[in-house]
Number of protein chains: 2
Amino acid sequence: MVHYQTRLDTTFAALSDVTRRGVLEQLGGSDASITDLAQRFDMTLTGMKKHVSVLEQAGLVTTEKIGRVRTCKLGPRQLEEAAAWIEQHRQLWSARFDALDEIVENLNRKEKGNARSRK
Amino acid sequence: MVHYQTRLDTTFAALSDVTRRGVLEQLGGSDASITDLAQRFDMTLTGMKKHVSVLEQAGLVTTEKIGRVRTCKLGPRQLEEAAAWIEQHRQLWSARFDALDEIVENLNRKEKGNARSRK
DNA sequence: TTGATAGTGAACCATATGGTTCACTGTAAA
DNA sequence: TTTACAGTGAACCATATGGTTCACTATCAA
């Protein structure tokens with residue numbers, strides 16, 4: 001049905017790494033340079049740069065280089081899509097589980113009824 | 001703070017593949033065997049088995065083998081965790097963006113004020 | 001002008017991922 | 001009792017991922 005598969009792919013993939021989720025939390029607090037982040041997560045500049053690139057690719061982060069420092073900020077609200085997907089399916093899920101609950105309950109009730117009528 | 005990093009890793013990783021998200025949608029409709037799914041997604045049995053294993057590992061799907069067919073159902077509600085993480089950060093996000101909006105607005109207002117006083 | 005600093009890119013490495021084929025087991029059906 | 005079917009596991013393949021080092025560029029500061 002939907003067509004943003006690839007976007008969702010990259011978004012979820014970006015979120016599937018502890019370090020990157022950490023970076024997002026960090027940036028939730030305040031903007032930071034690559035160096036800041038590399039230090040905080042005990043990693044090479046190059047390594048952190050890669051993570052930031054992945055996040056940027058996924059639109060979760062935006063960066064701007066001023067002079068020689070690149071500042072990273074939380075990006076446009078791409079989490080929305082991921083949230084929407086999950087939410088949609090969570091509801092589906094719940095519906096099914098609720099249905100299941102109901103069936104089970106009905107069975108229990110019948111069970112009781114049968115037990116009573118069998119007496 | 002939180003400690004379920006690994007769980008989140010596997011959940012998000014599981015969701016980062018189109019086929020697997022497709023399987024989840026499929027199972028949202030009705031339970032299915034590996035063969036069913038393999039056909040529907042034009043893939044080897046072995047390949048689909050792997051996907052199902054990943055989903056099962058992530059707790060998004062449960063399976064039960066009866067006779068020679070393994071039936072896959074939506075699993076316990078592991079989406080909750082992922083949803084919770086995203087929701088939490090979405091709010092953080094929004095807060096920051098709202099703050100930004102406010103700052104911009106204030107700047108605009110000041111701008112106007114200055115313009116007026118400069119006249 | 002000379003260092004130090006911040007980031008970048010290429011090359012490399014080990015491991016993971018998404019897929020296949022092939023050989024096998026266990027179950028169902030004729 | 002054969003034969004067909006559903007699934008499994010091992011081996012393999014190409015590509016992606018998460019990380020490193022090293023050599024380089026650009027910029028800031030003394």
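When reading the values below, keep in mind they use all heavy atoms of this one structure, side chains included, and skip hydrogens, waters and symmetry mates. The chains referred to below are lettered A, B, ... by the order of the sequence lines, with proteins before strands, and numbering in each begins at 1.
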Rounded to whole Å, CE of Met48(B) lies from P of dG19(C) at a distance of 8 Å

Exactly one of Thr62(B), Val61(B), Thr71(B) should register a side-chain contact (heavy atoms from CB on, under 4.5 Å) with Leu27(B). Which one does? Val61(B)

Taking side-chain hydrogen bond (donor to acceptor under 3.5 Å, both in side chains) as the definition, give me every residue that meets it alongside Gln57(A), ordered by chain and number, with sequence neighbours left out. none

Please check this pair: side chain of Arg20(A) against backbone of Ala14(A), looking for a donor-acceptor N/O pair closer than 3.5 Å. yes

Along nucleotides 25-30 of chain C, 5' to 3', which nucleotides get a B, which get an S, and which get a -, given that the test is a protein heavy-atom distance under 4.0 Å? -BBS--

Spacing between Gln57(B) atom CD and dT17(C) atom P, to the nearest angstrom: 10 Å

Counting only heavy atoms and a strict 4.0 angstrom limit, can you tell me which residues of residues 37-44 of chain B come near DNA chain C? Met43(B), Thr44(B)

Ala38(A): which residues meet the side chain to side chain contact (heavy atoms under 4.5 Å, CB included) condition with it, sequence neighbours left out? Leu45(A), Met48(A)

Under the side chain to side chain contact (heavy atoms under 4.5 Å, CB included) test, which residues partner Thr46(A), sequence neighbours left out? Thr44(A)

Exercise: identify the closest heavy-atom pair between Leu55(A) and Val23(A): CD1-CG1, 3.7 Å

Nearest 0.5 Å, please: how far is OG in Ser30(A) from CG in Asp36(A)? 8.0 Å

Does Ile86(B) reach the side chain of Phe12(B), with side-chain heavy atoms less than 4.5 Å apart? yes

Separation of dT20(C) P from His51(B) NE2 (nearest whole Å): 8 Å

Side-chain heavy-atom pair Cys72(A), Ile34(A) within 4.5 angstrom cut-off: yes

Which value, rounded to the nearest 0.5 Å, describes the distance between Leu15(B) atom CG and Thr10(B) atom OG1? 9.5 Å

Rounded interatomic separation in angstrom, taking CG from Asp17(B) and P from dA16(C): 18 Å

Contact summary for Lys65(A) and Arg68(A), nearest pair of heavy atoms: CE-O, 3.8 Å

Can you tell me the distance, in whole Å, between the CZ atom of Phe12(B) and the P atom of dT17(D)? 17 Å

Polar atoms only, N or O, under 3.5 Å: list the protein pairs with nucleotides 8-14 of chain D and their distances.
{"residue": "dT8(D)", "atom": "OP1", "partner": "Arg70(B)", "partner atom": "NE", "Å": "2.5"}
{"residue": "dT8(D)", "atom": "OP1", "partner": "Arg70(B)", "partner atom": "NH2", "Å": "2.6"}
{"residue": "dG9(D)", "atom": "O6", "partner": "Thr46(B)", "partner atom": "OG1", "Å": "3.1"}

